[in-house]
Amino acid sequence: MDLVLRGLNIKGGYEMSKVYVDAVNNVSLELYKNEIFGVAGESGCGKSTLVKILYGYIEPPLKLKSGSIELYSNDEKSFMISSLSLDDLRKTVWWKHISYIPQNSMNVLNPTTRVKDHFAEMYKTYTGMKKKEAYAMARKYVEDFGLPSDALQAFPHQLSGGMRQRIVIAVALLLQPAMVLADEPTSALDVINQRAALMFLKKAQERLKNTIVLVSHDMGIHSVLTDRMGVMYAGNIVEVGGTQAIFEKPLHPYTEALIESLPRLGDKSQRTGLKGQPPDLRQPPSGCRFHPRCPYSKPICQKEEPEHGKREKDRRVSCWIYAS
Amino acid sequence: MKITKSLAITIGVLAAHLIFAYVLPYFAPYDPRRWATVPRDMPPSTAFLFGTTTVGQDLFWLSSYALRNSITLGILTASVSILIAFLLGATAGFVKNPALHNILTLCIDSFSLIPGLPALIVLTYSWRKYLSPILIALILSIFGWAWPSRSVRSLILSLRERPFTHTALLSGYSMIEIFFKEYLPYIIKWLAVSFLGLLTWAIGMETTIAVFGLSTLEEATIGSILYWALQYQAILRGIWWWPIIPILLLTTLIVTIYQLSNMIGELLGAR
Amino acid sequence: MKKMESRKFKPLIAHMLSRLLFFLLTVWIGLTVTFIISRANPVDPSVTLISRLLSMGAHLRPEEILAMKQQIMELYGLEKPPYLQYLSFLKGVLSGNFGPSFTSFPTPVIDLIYNSLPWTILMLGFSTILSWVIGNIIGVLAAIFSKKRISRALEWIAMSLYPVPYVILALLLFLLFSLVIPIYKGVGGAGMTKFSLSFSFIAEAFKRLSIPAISIIMLSAASWFLSMKALALSVKGEDFVNYAVIRGLRRKTIIKYVTRHSLLPQITALALSLGYIFNGALITEHIFSYPGLGRLLYQAITGADYNLMLGILSYSIVGVATAALILDLIYPLIDPRIRYGGG
Amino acid sequence: MSEFLLELKNVSKFFGYGFIGWIKFPAVDSASLSMEKEPKILTIAGESGCGKTTLARIVLGLLKPEEGTVLYKGKRVYSLKRGERKLFRKEVQAIFQDPYGTFNPLRNVDTYLFGTAKHMLNMKDEEASSQIKETLSFVGLTIDEIVGKKPSEFSGGQLQRIAIARALLSQPRLIVADEPVSMIDASSRMNVLNIFKELKQREISFVYITHDLATAYYISDEIAIMYRGMIIEKGPADEVLLNQYHPYTKALVSSLPEHGKREKWIKEEMSPLGMEIKEFLASGCKYISTCPNKMEKCLKERPPMFEAGKVKVACWLYG
């Protein structure tokens, strides 16, 4: 499989007057062409921060402490995102090769600008197109996507949340980037609109054969949409593998608890949740960060961080249970 | 850390003003309002720290009196205005009937748009024979309440929508208890900040109507000193210290109070 | 789809109606307050007026005084029941009839106001627009470059200027331009009350206008600067601006985004603060003897011209409310959310 | 005495928008519901803006409906006498969505517990504190953990448990839980929902308001589905959620992302929803713009509640 992005030992967090919040701790990951990679985890686990770092959008108080991120574009160029400045990223990498669908994305369009101008701005910025030409291009582009073209004339608030969401997705795919980062793209939408938006995203991905990183706290979404996924807890990726494999047999105790606590239609068996609270990342627990809540905790878990070890093919997990 | 340092400076400057205004008058060697007690038109010197006026008053003692009166008048006005603002704003915020609520809201909004100065001038003119600092404070209050009232209203409206209001209701608190226990801490924070705002507004407004010749001109206030300075053409005759001294006192006072209100607002998280 | 609905223009009409209602209510409340103020007079206005006439050297016989008193009572409608007095007062304002001025007897009050009004409008229009534009431009730039030292310096200056009352700054400038840089000496208010559109007139008017206007411009600009900076800083943190940054749009576009969005509340704020600015104009005009309503008002006070005072007060209220109404009606042109509803 | 604990008959609540609220739209549109005396968990499910929170507030006696009647134990909630009102307050309690909004950030959380004990149970401080201790231990907290602390010192899950303890303290008969777990992490959600299940054994009924059909299925006995202010389907939870009668319920269930549904979820055709306000004001069926089964009749006439098996459904398909 073709590699699209490689992140090595990424460590980053928020530095605010003397306090450091360790948001992403020593994360390594490889993403391939033509896949939807899911990042799962609960609030505060660092999944949004990870995506920001992958995009290279690092502004104070966010700080990248160490690690490297390399992106391989469709035309076989490579970019070292972690060492480019914001200005360079903007000029050479962003949107052409990697684009972003931000959190709360149904409300990110400029309320005083018509939808067509959102497209036109992108054409003008990245291809130097004239306004008229850009409008025509936008029209054609939107129609190709199966979206109603009179949505272009509307102001964002005139469209439904689901429609705005699909517009934002369309904007992200405008220049056919090798990779799209989607950070909780549908968490504000209701299930029906969420499904419509994600199906829209999936269809576009199938057509463009690019890579999508989909961040979501909702395990259900991962189960129906992503090909591979990583589960994050307190800044670490604790388990990576094929989505179906993970759902069928979760290896990490945390992944297991997440899937176990998921209620399902047609199944009324008693379910239990995890005990305790996620850790305070200003003072993360020693050893394995999950050990205070882990039902299988062993003495070594308190002392040493487990390796991110390979299990089976394409499956990695960091837990002392599996230490040889 | 930075806030505490500038807060210390601000409080220091304010304290100096307050001592000048409220302690010094007790040490005045004579009634500084009386004319012809000192030589006329003397520029500031060691003998007359702030100089003297054309009618023979020592500006040092006179402005100490004046500052006291101006601040007192300002405090009085701000208190009455805040009270009106609080009562009307709270009513507008609490009224359940939407029509009544809209009417009250429109009234408060209209009142904040009406230019107060000409109205103040007509009113003080009508009552000019009876003007005393208290009456002036009351008249000023008629035009001071509208702006803070708007904010009290919207503050209560937003508090009423907060879920903790429902929690309190479900815990058996009455609406009156909720008002005093849940809302008052927020409202007081806010009132503290707007009290200071009104204080500066009132001091400035008294000075303004005094310059139009419509304040208690016999009583020393910052405004009346300026009025007499203008009447005696002090600026054109080059007696610059006569207007400059009260202007400087007033400006430093008002800027200091404003800084203080900003800092308090920031500390309390009001706004 | 939704486009159909927007064609009905309902939100726009609703907006206009509500602003019109607000305008009418403001004028009505203002005039009612004026009426109450005028009747809550501890002294019988006819006595005041007659003693005023007598002190001006008029020799009147007792019966003439009585007749005059009767005339004045009629003019004020004082013998009628209060609600009729109120109605005839409102009628008087609407038809511009405030009776004669007593300082320039028998010129009607309305003529004096019409002579001064253009000067005030000129001063207010010039200084308000200029200060709003300056304050907002600098405010946005200070917010965009909020980490630069000059941005903090400007904020510091504005914070020290903002709370200063108009009267104080006007006096300071008067002092400055009369004593230190004596360029305002002699440019009193005398002459030049006829308004025309000739070039020499405009040049002369501008010369008289510019220095008094400085005090209004300085204070207003400081206030617009502060609110604009705060607004723009919060807009800068909003999702749609962040999204523009993520999309890699040029800085120019982002400044445009922030500016446009922060300007909207500033227009509303301008409409609401017109009364306050008008107060400032009155005091400035008085101190610089600029031939507008402020000077006229001072003349009315010194001349005990009660009719003139009431006239100025009533027209100030109507004028300020009208200006606010115009701004409110322009607003939807700039904010599409009002035009098409929602938002 | 009435056989029902709670009964809503044709309840409507209008909200105004536009110029001083001239245009009225029904946030709740003639909703009828009933709950038997026997302890049950009734779910009111629907998507954001469907009127479920408004309905919850109406049930709680916090928001007076313009039309219809709300009966609690056979008495009209909005015209209770003083003593009855007090009893109603004591017996009908609530848990809200945002645990941080539930308590005033300027006050200590324990004041609400002592306040409830004082007002509802007429307890003196000592008696109250032993009662509070007991209630807190039920939700897995101790009194020392919470006394003298502001809401900001707790996690969301802890606060939600304190909120449950507060509601329990007045010994309620009915608890209205408005999206109680939507702001809690998925892994701790079940802990809260299991508390509800356990409380049902202790003779407490629940109105569970949610957008999440999976948790609804997990805990509820009965369910009512709302769409644009209207209840469009109601009945036993198993029946409604597994057999779905109304086309909207079908769309909701099929859109639920769940493990094992992958193929269907991505491939099956579906249409996104229309614009809200317009649908609220529709004179016929409100689901018409997206419904795959729409008929001529649906446009003109609003469907009444038809019986279909064990459920009631507002759709002409069953007329």
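In the text below, chain A, chain B and the rest are named by the order of the sequence lines, each starting its count at 1.
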Practice task
Before accepting this row, confirm whether a basic side-chain N of the pair D:Asp144/D:Lys149 lies closer than 4.0 Å to the acidic partner's carboxylate O.
Solution key: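 Judged by the 4.0 Å cut-off on N to carboxylate O distance, D:Asp144 and D:Lys149 do not form a salt bridge.
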
Handout entry: Residue D:Thr102 versus chain B: region with a heavy atom under 4.5 Å
Key =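 Contact with chain B is through both the backbone and side chain of D:Thr102.
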
Handout entry: Portion of D:Phe96 that has a non-hydrogen atom of chain B nearer than 4.5 angstrom
Key =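 Answer is side chain: those atoms of D:Phe96 sit under 4.5 Å from chain B.
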
Flag the one option from [options] with the top tally of heavy-atom pairs under 4.5 Å to chain B.
options                              : result
D:Ala94, D:Pro172, D:Pro105          : D:Pro105
D:Asp98, D:Ile95, D:Leu106, D:Leu169 : D:Leu106
D:Leu113, D:Asn104, D:Leu62          : D:Asn104

Exercise for the section: Could you note down all residue pairs passing ring pair (Phe, Tyr, Trp, His ring centres under 6.0 Å) where residues 87-109 of chain B supplies at least one of them, sequence neighbours left out? Expected result: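 Ring pair (Phe, Tyr, Trp, His ring centres under 6.0 Å) check on residues 87-109 of chain B returns B:Phe94-B:Phe179.
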
Handout entry: salt bridge (charged side-chain N to carboxylate O under 4.0 Å, His left out) assessment of D:Lys52 paired with D:Glu179
Key = CA-CA 10 Å; D:Lys52 56 189 193 296; D:Glu179 298 265 15; 3.5 Å; yes

Exercise for the section: Scan for side-chain hydrogen bond (donor to acceptor under 3.5 Å, both in side chains) pairs involving residues 8-20 of chain B, sequence neighbours excluded, and state none if there are none. Expected result: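 Of all non-adjacent pairs touching residues 8-20 of chain B, those that pass side-chain hydrogen bond (donor to acceptor under 3.5 Å, both in side chains) are B:His17-B:Thr252.
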
Practice task
Side-chain contact test, heavy atoms from C-beta onward, threshold under 4.5 Å: evaluate it for D:Tyr100 versus D:Leu159 and give yes or no.
Solution key: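 Sidechains of D:Leu159 and D:Tyr100: in contact.
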
